[in-house]
Amino acid sequence: MKIEISKGVDIIGDIHACFDEFLEMLVKLGYIEGEDGLFRHPEGRTLVSLGDVMSRGPQSLRCMEFFLNHVNARLAYMTDSNHGWKIARWLDGRKVQLRHGDELVEQEFLEYEKINDPKKTKEFKRQLKELLMNAPSHYILQESNVDKIVCTHAGIKGEYIGKENSRIKDFCRYGDVAGTDQNGKPIRKDWFINHNNDLLIIWGHDPKREPMTINNTINIDQGLVFGGKLTTYRYPENEFVFVPAKKNYSGKEGNDNPIQK
Ligand SMILES: [Mn+2]
C-alpha cells in the first residue's frame, strides 16, 4: 500500500460515475491520452482515487473501466470505498441490496450486456470484481521512502496506518459510524477531531461544500454528483483543482442534498 510520489501526485475525490467531469479534470491537470487509450502525465505524476468512482451518477462502467485499465498499467491507484465494496460483493454473487445509486450500476450492466457478447461481459465483470475486492483501505504516499500522505475513503485512525484487517477496512470505508438515526441514516462521528498524526490524511466520502482542513486532514469530496464539484489535491504544490458539476445527477434536492443543507 505504499506509493512513491517523487514526481508529484494528483489525489481525486469521489467521482460517482460523473465521467465527463472526471475527463475534464484529467485534461485540466495535464494528463494526455496516448494511442493505447491510457492517460499519462508528461512529468510522470501519479493519479490516486479515493474510491466511490461509481454509483449515483450516469457513467459507472466507464469510470470503473478507466481505473481497471490504469490501475493494471500502474498509472493510477484507487482505494477501497463503501460503494466499491458493495459492487464488489454484488459482482461476487453475494446477496446484497443495490440502493443509494448502486442500482444504476446494475442497470448499466443490463445495457452493456445488450450490445456486448456474454463472454466479454463475464470477463469485464470478473476483472472489475478483482479490482474492487483487492483495493486497499488506504495508501501511504512516500517521497524518497519517507511517509508523507495517507489517502483513504472515509477516514482512518493513526494506529491503523500501514495495517490492514477487516475492522480497519470497515473504518476506512464508512468512517466512524455510531449506528443509525430514526430515518435509518448513519450517524457519522467526526473521526478527524481526534486525529493527531504527523501524516497528512486526504479523505472523501462525506460531501462538504469546500475542501475542509482540520488537524492535518483534508476532505476533498465536494459533492460532484450532487451538483457540487470534483476536487483534486495536488502534492507537492499543496493546491486544489476543481471541476464544477454540469448538473445535479443525484435526484436529491433541498434537505435531502448533502451539500445544499
Ligand atoms: Mn463513500
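The shown structure was predicted, so the numbers you read here are calculated from the model rather than taken from an experiment. All residue numbers in this chain count up from 1 along the given sequence. In listed order, ligands and their atoms are each counted from 1. Worth knowing before you read on, the calculation uses all heavy atoms, side chains too, and leaves out hydrogens, waters and symmetry mates.
- In this structure, H16 and H83 have side chains that are in contact, with non-hydrogen atoms separated by less than 4.5 Å.
- With respect to K114 and E111, a salt bridge is recorded, a charged nitrogen being found less than 4.0 Å from a carboxylate O.
- The pair D92-R94 meets the salt-bridge criterion, with a side-chain N (NZ, NE, NH1 or NH2) lying under 4.0 Å from an Asp/Glu carboxylate O.
- Annotation: cation-pi geometry satisfied between K125 and F109 (NZ/CZ under 6.0 angstrom from ring centroid, within 45° of ring axis).
- The aromatic ring centres of F22 and F67 sit less than 6.0 Å apart.
- Under the 4.0 Å criterion applied to side-chain N and carboxylate O atoms, E210 and K229 are assigned as salt-bridge partners.
- Only protein atoms were considered; those of element N, O or S under 2.8 Å from the Mn ion (ligand 1) number 4.
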